[in-house]
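To start, the structure under review is shown below, and the notes come after it.
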Amino acid sequence: DTSAALLASFTPVDSETARRKAAEFLGVERSALSPAGKSAAEVPCFAFDFEDGRVNVTETGGVVLSMSSALAGGEARVTAEEAQNTAESFVNSRYDGDFTVVSAAERAGAYDFVLAPLSGEGALLLPDSVTVTVDAAGGEIAAVNAADYVMNHAERGALTPGLTAEAATAALHPSLSVDSARLVLAETEGGEEALCWEYACLDGGVGRVYVYIDASSGAERKIELSYT
């Protein structure tokens, strides 16, 4: 699918090749996967069922777009740190890029992580993210969604900021207290990509505010609020 940036230079694969790639991704024998036809995902995929889940593999390139399986349930025996290490190790061994966790959340029976790859200049490529769920009971990977990565990941030009993180703070409202800053490639509210300094700020007792300042012009590109 030429609309998927990652797949632009790839060629089609057959069902058996897709099955092999799915088995390698899951760490199981090919015989553990049963063909389940085609899936109506973001891009055309072969679907395969396994014991307690399903995996979707792109017809072009044979890339695992997503997988999901049932949570074990029961008492959480895995810490958030252990789950994060599992998620990072898994994604970095399955997809091309130097991935790091962008955000994390805990819910009943699971930990959810969003990971994004780093550019050569050290910018987090937020549009190219992969979402991973780790089972809190056994520590296994329970779900993966790489749709954003497949749709958006491509070679980009140099992502070099024109402003330092310190200089770009001039655009921040004086009531905001900066907790941390990092260089990111972000998707703006207009749907464009922009190299920004992302500032995690505290705004009194309201919550955490994420402000994205253009790393070249110093203009504010977007604001996100978090109340967790």
Side-chain angles (χ1 to χ4, degrees), residues 4-6 8-9 80-106 111-132 134 144-228:
L6 179 70
S9 62
E81 182 179 0
E82 289 170 336
Q84 178 169 323
N85 289 339
T86 296
E88 287 186 326
S89 176
F90 186 87
V91 172
N92 277 301
S93 66
R94 265 66 173 186
Y95 296 104
D96 184 28
D98 181 13
F99 284 84
T100 187
V101 169
V102 174
S103 63
E106 184 177 352
Y111 299 99
D112 297 315
F113 301 97
V114 177
L115 301 94
L118 287 164
S119 73
E121 299 81 15
L124 276 168
L125 305 176
L126 299 184
D128 304 4
S129 63
V130 175
T131 303
V132 177
V134 178
V144 176
N145 188 329
D148 286 343
Y149 176 78
V150 170
M151 297 304 293
N152 300 319
H153 191 60
E155 287 295 325
R156 296 178 172 92
L159 298 175
T160 305
L163 297 172
T164 64
E166 183 178 4
T169 58
L172 296 175
H173 192 279
S175 67
L176 296 176
S177 173
V178 176
D179 187 42
S180 63
R182 59 187 179 186
L183 187 65
V184 303
L185 184 68
E187 186 173 327
T188 68
E189 293 173 357
E192 301 175 340
E193 289 185 350
L195 185 63
C196 297
W197 286 106
E198 177 199 77
Y199 297 98
C201 304
L202 302 177
D203 184 17
V206 176
R208 189 174 289 270
V209 181
Y210 293 90
V211 184
Y212 296 81
I213 304 297
D214 193 296
S216 295
S217 68
E220 182 183 290
R221 298 304 296 260
K222 69 174 180 176
I223 296 178
E224 294 179 352
L225 303 179
S226 174
Y227 299 102
T228 58

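With hydrogens and angles left out, the side-chain atoms of S119 and E121 include a donor and acceptor closer than 3.5 Å.
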Given I223 and Y212, is the side chain to side chain contact (heavy atoms under 4.5 Å, CB included) satisfied, shown in steps?
CA-CA 6 Å; I223 296 178; Y212 296 81; over 6 Å; no
Given side chain to side chain contact (heavy atoms under 4.5 Å, CB included), test V102 with R182 step by step and report yes or no.
CA-CA 11 Å; V102 174; R182 59 187 179 186; 3.4 Å; yes
Apply side chain to side chain contact (heavy atoms under 4.5 Å, CB included) to the pair V144 and Y95, showing each step before the final yes or no.
CA-CA 11 Å; V144 176; Y95 296 104; 3.9 Å; yes
Does the pair F113 and F99 meet the rule for a side chain to side chain contact (heavy atoms under 4.5 Å, CB included), with working shown?
CA-CA 11 Å; F113 301 97; F99 284 84; over 6 Å; no
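The minimum heavy-atom distance between A5 and A154, with the atom names listed, is CB-CB, 3.9 Å. Contact detail for V114 and S129: the closest heavy-atom pair is CG1-CB, 3.8 Å. The shortest non-hydrogen separation linking A83 to V134 is O-CG2, 3.7 Å.
Using a 4.5 Å heavy-atom threshold, the side chains of K222 and T188 count as separate. Looking only at side-chain heavy atoms (C-beta outward), L163 and P161 stay at 4.5 Å or farther from each other. For the pair C201 and V178, the minimum side-chain heavy-atom distance is below 4.5 Å.
For the side chain to side chain contact (heavy atoms under 4.5 Å, CB included) test with L176, the passing option among L202, T169, V211 is V211; the others fail.
More than 12 non-hydrogen atoms from other residues, nucleotides or ligands lie less than 6.0 angstrom from CG of D179.
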